[in-house]
*Asks:* 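Submitted below is the structure of interest, expressed as structure tokens.
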2 protein chains.
Amino acid sequence: MARRVKQPASSDLDARKATILEAVVSEHIATAQPVGSSSVASNADLGVSPATVRSEMVSLEREGYLAQPHTSAGRVPTDKGYRYFVDHLASGVLGTVQQHQLSEFFANVRGEVEDVLEQTSTLLSRMTSYTAVVVGATHAHASILSAQLVNIDARHQLLVTVFSDGSVVKHSLTPHFDVDLETCTEASRQINALLIGTTLETQVQVPSRHDHVAVLVRDAVAALHAALPTADGEKVFIGGSSRVADSFDGVETVRQVLSILEQELLVVSLVQDMLARGLSVAIGTENGYEPLSACAVVVAPVTIDGATAGAVGLLGPTRMKYQEAMAAAGAVSQHLTRHFGGEEENANH
Amino acid sequence: MARRVKQPASSDLDARKATILEAVVSEHIATAQPVGSSSVASNADLGVSPATVRSEMVSLEREGYLAQPHTSAGRVPTDKGYRYFVDHLASGVLGTVQQHQLSEFFANVRGEVEDVLEQTSTLLSRMTSYTAVVVGATHAHASILSAQLVNIDARHQLLVTVFSDGSVVKHSLTPHFDVDLETCTEASRQINALLIGTTLETQVQVPSRHDHVAVLVRDAVAALHAALPTADGEKVFIGGSSRVADSFDGVETVRQVLSILEQELLVVSLVQDMLARGLSVAIGTENGYEPLSACAVVVAPVTIDGATAGAVGLLGPTRMKYQEAMAAAGAVSQHLTRHFGGEEENANH
DNA sequence: GTTGGCACTCAATTCTACCGAGTGCCAGCG
DNA sequence: CGCTGGCACTCGGTAGAATTGAGTGCCAAC
């Protein structure tokens, strides 16, 4: 049927509709209940009767911003409704308590990067009551500071590589010949010489000889570079996965979401996909994974030297508290950026 | 397997009671419903009427093996009931399909220890539909093969230590003075000389001088040994945490269990506590954590060279399929034992 | 000791009535 | 014209009563 309502730019609502939509979303986020015309009329202070609100709501429903669970229930925001809400949101500010909490945390953390990120994910989760995700940088672009071959026993060697970003990776080698200490040491020397200063993206010239040392060197380099194509360098830290249980009421939904969270690669690509699309919030189906269609995801990038070095994210129900979540994620990402990016400067004074 | 090392009379049930108890437990495990006298009378083939079963049940209830959710409902096993059931259980055998699955998995796995353990936890979880826990060995007793200090920049050094068990740990140093490459190299040389061949339990003689090299050496050794007291060396891999969601029906229970699983240290100590107490199954409150009182935990140690090097575990509801779970955990632990303990022998062919 | 019989209990289910929040529609008002 | 109050209507939720039925405990009899 043809609708005579003309909507050139459907994404812009007139002021009153916007106010009403906002009221509905806010209240539904707060109460988890469908919200009716009268409570909107009283809460939002447009001097207008419920009846008027109602007629606006019909219109908002026609346009896809609201939905009715059933006739004679109030309205519930659709994903599109949340989207509008988020896009036109006054970006909230973090509560001072939480700001304090954050500053204190970052002032006191010590330990390895991984530990910091892990703890950060827990903190972020606790601050927001949502599940937090912290994605650590890949070291694809970091240069190699040291590559050392350690002899475990005659048939097992371990290639230990240290990158300029402070990450360390190991790779096992299991040659088909016995390796004595001397051979290992020599191979280690050559590997180190070969790889130092390169990145994983650098092509290196491996020796083509067939002696044991050369084979070790080749195997080592191969092992190291083999990891590159997979997004394996990303470390994911998930904090507060138990929050999933109180974000959703259907046990089945909980299972599905947890199941997704278990697949870390998937989480990484979700987050990176969002960053690539320039999204900071993905609502419902926007995130591209059906099992997550009841979820909203908020992300904030962590940048070091201008490059994206990681991200923090929050996962909650579509009716999540977006302001809080965005503020928290933003603040944490900034703290991380400062913590890792700015520390040389601090250290120099 | 030890059977009757119990108190004289009260913990040993006569044959018929035992049969009845077993029937109740089995059926309740299968159906999750309270089970009544008549179904026991027909399922277990003791030629006896429901009425007789009933009177036995009263007695079993008095002795604490069974409980009634309410009058006029069937009986449900108590923790004690499950305990008896487990203790007198014919140890089940793994299905051939799963045996095959396991062999195939272990024949094909490659990669670092951590990866193997991670994948193992996923596999075990998938095999059993329960949440799997794999605890990796600590390297407290492993000797140090190499300890190297790598210069990240003037104020950041990384101590990279390789242990004889193939594990690698890193520790950041942030001295309060600028370190040049030469100093770092010299410190690295000294650290290596000092630590090689020692274990984390070995006391080493650090230089007492005040020059930069000596300070670096001291800091490095201190950083390395600092980790010792905590059970930090243990790596935990949890597979299938989403299974928690269908093991329990109360959302609140799910939350609590997940919440426990998040605290990895806690999981480690739970498992180690069980191993120390010689338990292979902890039912309900036996595990010592109230939030886990609805859970049963099955563990099996992984031994390398006769010493406990880790463990695998399964976590499910108290009405879990104990035979299957124990068989699976046992089989996996044996595979792991063979995989890591016996691989030198294999490597020699 | 075992059994069938029997009265009894009580969660779960079904049915009914009904309340009320909320709607859509409309006629009238400024 | 847009806004409003009024009104009939819808339908999920709740509360209460009645019913069902699985399962018990007890007991007299075998």
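Residue numbers begin at 1 in each chain, while the letters A, B, ... track the order of the sequences.
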*Asks:* Give the rounded distance in Å between these two atoms: NE2 of A:H70 and P of D:dC11.
*Replies:* 10 Å
*Asks:* With a 4.0 Å cut-off on N to O distance, would you call A:E63 and A:K17 a salt bridge?
*Replies:*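 Yes, charged N to carboxylate O under 4.0 Å.
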*Asks:* I want to verify a distance call: between D:dT4, C:dT3, C:dA11, whose nearest atom is closest to the A:S49 side chain?
*Replies:*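 Output: D:dT4.
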*Asks:* Output all residues satisfying side-chain contact (heavy atoms from CB on, under 4.5 Å) with B:S26, sequence neighbours left out; order by chain, then residue number.
*Replies:* B:E22, B:F85
*Asks:* Within this structure, what is the CG-to-C1' distance between A:L46 and D:dG2, rounded to whole angstrom?
*Replies:*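 Rounded to whole Å, this separation is 15 Å.
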*Asks:* Shorter than 3.5 Å, N or O on both sides, protein versus nucleotides 22-30 of chain C: list them out with atom names.
*Replies:*
from, atom 1, to, atom 2, distance (Å)
C:dT23, OP1, A:S37, N, 3.4
C:dT23, OP1, A:R75, NH1, 3.3
C:dT23, OP2, A:S37, N, 3.2
C:dT23, OP2, A:S37, OG, 2.6
C:dG24, OP1, A:R75, NH2, 3.1
C:dG24, N7, A:R54, NH1, 3.3
C:dG24, O6, A:R54, NH1, 2.7

*Asks:* Name all residues meeting the side-chain contact (heavy atoms from CB on, under 4.5 Å) criterion together with B:T128; count only those two or more places apart in sequence or in a different chain, and write none if there are none.
*Replies:* B:L124, B:Y130, B:L314, B:A328
*Asks:* Can you run down the salt bridge (charged side-chain N to carboxylate O under 4.0 Å, His left out) pairs that involve residues 247-258 of chain B, sequence neighbours left out, and say none if there aren't any?
*Replies:*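 Qualifying pairs: A:D246-B:R255, B:E252-B:R255.
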*Asks:* How many Å lie between CZ on B:R16 and C1' on C:dG1, as a whole number?
*Replies:*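 Rounded to whole Å, this separation is 8 Å.
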*Asks:* Does B:R319 have any side-chain contact (heavy atoms from CB on, under 4.5 Å) partners at least two apart in sequence or in another chain, and if so, which?
*Replies:* B:H28, B:I29, B:A32, B:Y82, B:P317
*Asks:* Run the salt bridge (charged side-chain N to carboxylate O under 4.0 Å, His left out) test against A:E27 and tell me which residues pass, sequence neighbours left out.
*Replies:*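 A:E27 satisfies salt bridge (charged side-chain N to carboxylate O under 4.0 Å, His left out) with no other residue.
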*Asks:* Nearest whole Å is fine: how far is D:dC26 P from B:E56 CD?
*Replies:*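 To the nearest whole Å, that distance equals 15 Å.
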